[in-house]
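Reading through the structure tokens given below for one structure.
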Amino acid sequence: MPELPEVETTRRTIAPHVVGRRIEGVAVYDPRLRWPVPASLPRQLQGQSIAAVDRRSKYLLFRLGAQTLVFHFGMTGSLRVLRTPSPPAAHDHVDVALDDGAILRYHDPRRFGAMLLLPEPVAEHWLLAALGPEPFDRSFDGAYLWRALRSRTAAIKLALMDNRVVVGVGNIYASEALFRAGIRPAVSARRVSRARIGRLVDAVREVLAAAIDSGGSTLRDYVDGGGRPGEAQLRHFVYGREGLPCRICSAPIRMRRLGARASFYCPVCQT
DNA sequence: ATGGGCACCTGGCTGC
DNA sequence: TGCAGCCAGGTGCCCA
């Protein structure tokens, strides 16, 4: 599901509806997520006001003051704002009712997602504490990535998807960024030259920024805070395009598995 | 510390 | 039409 662009698009589409609002009540229809939604959560959330909606990695953070309501969407999670109430459907897990009548509804068929209420500073919670830099942060540059990868023997694509190296890059955008940088996904990370690592930093930023501009990628489940699908999947150069002609050189796109994840590349544009 | 593989769960698609 | 098998955007955890 959601990689950084999808979580960020959700954040942007939801924030105008929820910032400054007070939580009237919470209904949990099915607490079975990656970690069970605590029975005490509705009582703890009731009456709290949402000061801001932030994102860290693929986590969405609703700042409540002393606590933060944290969502992770796993593979199939989505969060949307309902302006007019409707009865919960299959896989709708939680409704958060706001003081203006809007409903924040969490939907997650595969239930790999999470909903947690954590004390501030939430950045120090073990789930977030070991995360690497944000891709748009200044600290994520060629020098940093070179240092982070120079001793890593794993495939460059797997290293790029390692949250300790850089956050937010999942299976779609790892393939897309490596295509843009001209690097084959299976190459050992430490064997990629310093110059190409620099190009990869730019490629990661460009790919993620373009996907955010397109409202994220919708392969199956993803919708933004308004319930709308994204369009970034229409602009993928390699992901999901095995056998189709490369958009640059027309060579057939190839697929191979790395760490059990499908990885797509152009055998001509990437070396 | 790093790497590899599995597990968690549901639904959609393919091929027999 | 039915059904088994495979696959899917993530990541925590176990073992080498």
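The structure displayed is predicted, hence computed values, not measured ones. Sequence lines set the chain letters: A, B, ... in the order given, protein chains first and strands last, and positions in each chain run from 1.
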* Structure fact -> Residues in residues 200-208 of chain A with a heavy atom under 4.0 Å of DNA chain B, by number, are none
Which side-chain N or O atoms in residues 258-271 of chain A pair as donor and acceptor under 3.5 Å with protein atoms at least two apart or in another chain?
{"unit_1": "A/S263", "atom_1": "OG", "unit_2": "A/K157", "atom_2": "NZ", "d": "2.9"}
{"unit_1": "A/S263", "atom_1": "OG", "unit_2": "A/R261", "atom_2": "O", "d": "3.2"}
{"unit_1": "A/Q270", "atom_1": "OE1", "unit_2": "A/C266", "atom_2": "N", "d": "2.7"}
{"unit_1": "A/Q270", "atom_1": "NE2", "unit_2": "A/L178", "atom_2": "O", "d": "3.4"}
{"unit_1": "A/Q270", "atom_1": "NE2", "unit_2": "A/I183", "atom_2": "O", "d": "2.8"}
{"unit_1": "A/T271", "atom_1": "OG1", "unit_2": "A/R196", "atom_2": "NH2", "d": "3.2"}

* Show which residues join A/L61 in its hydrophobic cluster (side-chain heavy-atom contacts under 4.5 Å, direct or indirect), or state none. => A/W35, A/Y59, A/V70, A/L116, A/L118, A/V122, A/W126, A/L127, A/L128, A/L131, A/V167
* Dot-bracket encoding of pairs in DNA chain B, which uses [ ] for pseudoknotted crossings and | for another strand, Watson-Crick or G-U under 3.5 angstrom -> .|||||||.|||||||
* Asked: Which residues pass the salt bridge (Lys or Arg N to Asp or Glu O under 4.0 Å) test with A/R147, sequence neighbours left out?
  -> none
* To do: Mind checking A/R257 for me? I need base, sugar-phosphate or nothing, with any heavy atom below 4.0 Å counting as a touch.
  => sugar-phosphate
Pull out every protein N or O sitting under 3.5 Å from an N or O of nucleotides 3-7 of chain B, one pair per line with the distance.
{"unit_1": "B/dG3", "atom_1": "OP1", "unit_2": "A/T153", "atom_2": "N", "d": "2.8"}
{"unit_1": "B/dG3", "atom_1": "OP1", "unit_2": "A/T153", "atom_2": "OG1", "d": "3.2"}
{"unit_1": "B/dG3", "atom_1": "OP1", "unit_2": "A/A154", "atom_2": "N", "d": "2.9"}
{"unit_1": "B/dG3", "atom_1": "OP2", "unit_2": "A/R152", "atom_2": "NE", "d": "2.7"}
{"unit_1": "B/dG3", "atom_1": "OP2", "unit_2": "A/R152", "atom_2": "NH2", "d": "2.9"}

* With rounding to whole Å, what would you report as the distance between C/dC6 and B/dC6 at their P atoms? -> 14 Å
* **Short side-chain donor-acceptor distance under 3.5 Å, A/Y29 and A/D95** => yes
Only pairs under 3.5 Å count here: list side-chain donor-acceptor contacts from residues 84-91 of chain A, not counting sequence neighbours, and write none if there are none.
{"unit_1": "A/S86", "atom_1": "OG", "unit_2": "A/R105", "atom_2": "NH1", "d": "3.2"}

* Asked: Name the one of A/L200, A/I197, A/V201 that satisfies side chain to side chain contact (heavy atoms under 4.5 Å, CB included) with A/W146?
  -> A/I197
Give me, pair by pair, the N or O atoms of the protein and of nucleotides 13-16 of chain C that are less than 3.5 Å apart, along with how far apart they are.
none

* To do: Specify the residues of residues 53-63 of chain A, ordered by number, for which at least one heavy atom lies under 4.0 angstrom from an atom of DNA chain C.
  => A/K58, A/Y59
Listing time: all N or O pairs from protein to nucleotides 9-13 of chain B that are below 3.5 Å?
{"unit_1": "B/dC9", "atom_1": "O3'", "unit_2": "A/R111", "atom_2": "NH1", "d": "3.0"}
{"unit_1": "B/dC9", "atom_1": "O2", "unit_2": "A/R110", "atom_2": "NE", "d": "2.8"}
{"unit_1": "B/dC9", "atom_1": "N3", "unit_2": "A/R110", "atom_2": "NH2", "d": "3.3"}
{"unit_1": "B/dT10", "atom_1": "OP1", "unit_2": "A/R111", "atom_2": "NH1", "d": "2.8"}
{"unit_1": "B/dT10", "atom_1": "O3'", "unit_2": "A/H91", "atom_2": "NE2", "d": "3.4"}
{"unit_1": "B/dG11", "atom_1": "OP1", "unit_2": "A/H91", "atom_2": "NE2", "d": "2.7"}

* Asked: Partners of A/R56 by side-chain hydrogen bond (donor to acceptor under 3.5 Å, both in side chains), sequence neighbours excluded?
  -> A/E134
* side-chain hydrogen bond (donor to acceptor under 3.5 Å, both in side chains) against A/R32, all qualifying residues, sequence neighbours excluded -> A/D30
* **Sugar-phosphate, base or nothing in reach of A/N163, heavy atoms under 4.0 Å** => sugar-phosphate
* Look up atom CZ in A/F73 and atom CG in A/D221, then write down how far apart they are to the nearest 0.5 Å. => 12.5 Å
* Side chain of A/S188, backbone of A/T153: donor and acceptor closer than 3.5 Å? -> yes
